[in-house]
Amino acid sequence: MTMSPALLSLPQILVALPVLLSLACFTVSTQPRGTNSHSQAEMLQSMSMASLEKETLFHVMETMSSDRDWRSSYPDPCIPGSSWPGIECKPGSDNHLHVTRLDFGVAPNPTCKNTATFPSEVFDLPHLQSLFFFNCFKTTKTSLSMPPPARKPAAYASLQQLSLKSNPSLIGPVPPHISSLFSLQVLTLSQNHLHGKIPEGISGLTSLIHLDLSYNSLAGSIPAQLGSLSSLTGLDLSYNSLTGSIPPSIGQLSLLQKLDLSSNSLSGSVPESLENLSFLAFLALSNNKLSGQLPKGLPKLQNLQYFIMDDNPMFVPLPSQLGRLSKLQELRLANSGYSGSIPGSFAWLANLTTLSLENNRLTGEIPGVLSGLSRMYHLNLSRNMLAGVVPFSAGFIKRLGRNLDLSGNPGLCLNGSESSVSISVGVEVCAGNRSASSMQQPLRSSARAPSPLFSNFPLLPGCLALWSVTVF
């Protein structure tokens, strides 16, 4: 399954922002601490790159970019005043300058030529810490090729961030050799055309903080071994073709803040072990084949702010325990076969801004306590079997405006005062409130587009990056 990545919504940006800031705020300075700019410049001018490292760098650049003749334009690519765009160098203890970061694909960084293929020799740069390819491989098909560990490529020990994102011609599997990057903290392989299974060896990357394999065509099950990534704070496997159940070992990721498994073909129930993820702020499981009861310990997730679980065949009563998630800001459970009434416990969700329960089998009246949620600005209860008088005041209806949808509930009606609001919420006036000449015209149901803020939600990325705005 390959889908076009959606734009990031504000909630995703907010969740990803802390990681993005921590990863993006780097400096391209080679000045050692304790030196002034004059002495630092003199020192760097007297230093040079080792000839073998420089030759490797030239070869990588010639493989990737034809923006200029790199050898003649920048014969000393690390020296201040002649350094390349998209490169960061630092002095080493050996009195040489070393490449520590390379960025390709977006100006002012070097752009990638049509014939560019992934340069496996980049792993021979002995001090490389960060490597980014964004929207590079667009024409010539290529794969993430890595030298065998037996050759002991120098960067296998130094690389901390590896990001290949939005490369439509990047194909093939995630290489098993990726487990040899034992210093890796951030691995982003998002929005490519990778296929095959997630290699179990990724579990050996024990320093990993962020793992994003979203928007590919990965298949098979989620390896249970991922539960050993004890430092992980962000895990995004969304928009793939993953099958099987969610492994209970995910509950061992005690530092996890973001978990996105949406838009796969995962089945079974949500494992009880997820109650152990006490730092979890963002949970997205939408568009899968999950069913059954939610974990009884779900209220233990007291840091959860976004719970996105639309489009799953749950077919159970809407659980009242959701009302105990006190920090919840978005709750999306649409199109999932939920039955019963809307729990009055939802009145405890004082931080709730979005509640989407459309296209379920909900019955009974709308709890009047929902109108007391002062931060609510998006409420969709359409296409259920709700009945009775809409309990919302004219002020509440006016405040939500087009972000309030009650259509498709034939048993609902508005009383006289609410019917005076000139906003269509998809509900007619109650029969007893109609009078002859002064009767308000029934509010007509209309097929409205969703609020622009949520038109592409969820996912897609981004905050952080964690996460994506660009999570590397």
Got a donor-acceptor contact below 3.5 angstrom from the [X] side chain to the [Y] backbone?
X: E88; Y: D103; result: no
X: N312; Y: M314; result: no
X: N380; Y: E358; result: no
X: D236; Y: S238; result: yes
X: N384; Y: S382; result: yes
X: Y156; Y: H177; result: no
X: D260; Y: S262; result: yes
X: H193; Y: S169; result: no
X: R399; Y: M376; result: yes
X: N192; Y: N167; result: yes

Checklist entry - Should R151 and D124 count as an ion pair when the cut-off is N to O under 4.0 Å? => result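 D124 and R151: salt-bridged.
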Minimum heavy-atom separation for [X] and [Y], please, with both atom names.
X: P199; Y: P175; result: CG-O, 4.3 Å
X: S130; Y: L128; result: O-CD1, 3.7 Å
X: S179; Y: L205; result: O-CD2, 3.7 Å
X: N303; Y: K327; result: OD1-NZ, 3.0 Å
X: T363; Y: L386; result: O-CD2, 3.6 Å
X: H127; Y: S158; result: C-OG, 3.7 Å

Look up atom [atom1] in [X] and atom [atom2] in [Y], then write down how far apart they are to the nearest 0.5 Å.
X: L194; Y: L164; atom1: CG; atom2: CG; value: 8.5 Å
X: S241; Y: L218; atom1: OG; atom2: CG; value: 8.0 Å
X: I397; Y: F392; atom1: CD1; atom2: CZ; value: 8.0 Å
X: L237; Y: N216; atom1: CG; atom2: CG; value: 10.5 Å
X: S203; Y: L211; atom1: OG; atom2: CG; value: 11.0 Å
X: L189; Y: L170; atom1: CG; atom2: CG; value: 7.5 Å

Checklist entry - L328 pairs by side chain to side chain contact (heavy atoms under 4.5 Å, CB included) with which of L322, T353, L304, L301? => result L304
Next on the checklist: By the definition side chain to side chain contact (heavy atoms under 4.5 Å, CB included), identify the one residue from L232, T233, L226 that meets it with L208.
Outcome noted: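 Exactly one candidate clears the test, L232.
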Beyond-backbone contact of [X] with [Y], side-chain heavy atoms, under 4.5 angstrom:
X: S183; Y: S207; result: no
X: L412; Y: L381; result: no
X: Y239; Y: S190; result: no

Item to check | F118 and F137 aromatic ring geometry - parallel, tilted or perpendicular at 30°/60° bounds | outcome: perpendicular
Checklist entry - Parallel, tilted or perpendicular for Y306 and F282, by the 30°/60° rule? => result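 Y306 and F282: tilted rings.
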Next on the checklist: What verdict does the side-chain hydrogen bond (donor to acceptor under 3.5 Å, both in side chains) test give for S326 and Q302, after you've listed the backbone C-alpha separation in whole Å, the side-chain angles of each residue and the deciding distance to 0.1 Å?
Outcome noted: CA-CA 7 Å; S326 59; Q302 284 300 298; 2.9 Å; yes
Checklist entry - Are N335 and D310 close enough, and set up right, to give a side-chain hydrogen bond (donor to acceptor under 3.5 Å, both in side chains), and what steps lead you there? => result CA-CA 6 Å; N335 194 34; D310 309 276; over 6 Å; no
